[in-house]
Amino acid sequence: MPREQIVVGDCPQCQGVNTTCKYNRFESEDLRIDSWEHKCPDCGHRLTTAYRSDDEDTLVEEPMLCPYCGRRAGV
Ligand SMILES: [Zn+2]
Ligand SMILES: [Zn+2]
């Protein structure tokens with residue numbers, strides 16, 4: 001399961017520079033979940049989004065692009 005985390009800086013809440021961007025992918029036979037998390041270790045500010053292949057409401061064209069910083073998950 002791919003899992004990666006990078007530091008993207010700039011917390012919108014405390015102006016800290018250690019916000020991390022984390023990507024996770026879960027895949028089984030008929031379900032795929034791409035999930036993103038931005039988290040600031042200084043103040044705990046957290047943003048998460050998950051794209052599920054079985055949920056049309058959350059489906060986007062490019063689930064491997066971070067909705068917060070726009071980076072593409074490495075493959
Ligand atoms: Zn913060
Ligand atoms: Zn990001």
Side-chain angles (χ1 to χ4, degrees):
M1 190 182 306
R3 172 184 284 261
E4 54 175 301
Q5 178 171 313
I6 62 166
V7 174
V8 292
D10 290 12
C11 171
Q13 189 162 283
C14 72
Q15 270 70 54
V17 294
N18 298 308
T19 301
T20 54
C21 175
K22 190 164 83 178
Y23 171 72
N24 266 303
R25 185 164 73 200
F26 167 83
E27 245 173 320
S28 69
E29 248 167 63
D30 48 8
L31 175 65
R32 167 175 162 165
I33 302 173
D34 294 89
S35 72
W36 289 94
E37 178 186 74
H38 270 209
K39 187 173 178 188
C40 173
D42 299 322
C43 72
H45 182 71
R46 189 165 162 264
L47 295 166
T48 58
T49 294
Y51 301 122
R52 295 173 60 104
S53 63
D54 66 348
D55 183 352
E56 287 184 11
D57 289 343
T58 68
L59 263 192
V60 292
E61 247 170 67
E62 299 205 75
M64 291 183 71
L65 287 185
C66 177
Y68 308 119
C69 66
R71 80 173 172 103
R72 181 181 292 274
V75 183

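No experiment lies behind these values; they were computed from the predicted model shown. Whatever order the structure lists them in is the order used to number ligands and atoms, beginning at 1.
A donor-acceptor distance shorter than 3.5 angstrom exists from the side chain of Trp36 to the backbone of Pro63, with no hydrogens or angles considered. Without hydrogens or angle criteria, Thr19 side chain to Gly9 main chain gives a donor-acceptor distance under 3.5 Å. No donor-acceptor distance shorter than 3.5 angstrom exists from the side chain of Arg71 to the backbone of Val8, with no hydrogens or angles considered. For the pair Tyr68 (side chain) and Thr48 (backbone), a donor-acceptor distance under 3.5 Å is present.
Note on the Zn ion (ligand 2): protein N/O/S atoms under 2.8 Å are Cys21 SG, His38 NE2, Cys66 SG, Cys69 SG.
Separating the CG atom in Leu47 from the SG atom in Cys11 is a distance of 8.5 Å, to the nearest 0.5 Å. Ser35 OG to Phe26 CZ: the interatomic distance, rounded to the nearest 0.5 Å, is 11.0 Å.
The only member of Glu27, Met64, Glu62 that meets side-chain contact (heavy atoms from CB on, under 4.5 Å) when paired with Asp34 is Met64.
Taking every heavy atom of both residues into account, Pro41 and Asn18 meet most closely at CD-O, 3.2 Å. In terms of heavy-atom proximity, Gln13 sits nearest to Cys43 at NE2-SG, 3.5 Å.
Any protein N/O/S atom under 2.8 Å from the Zn ion (ligand 1) was counted, giving 4 altogether.
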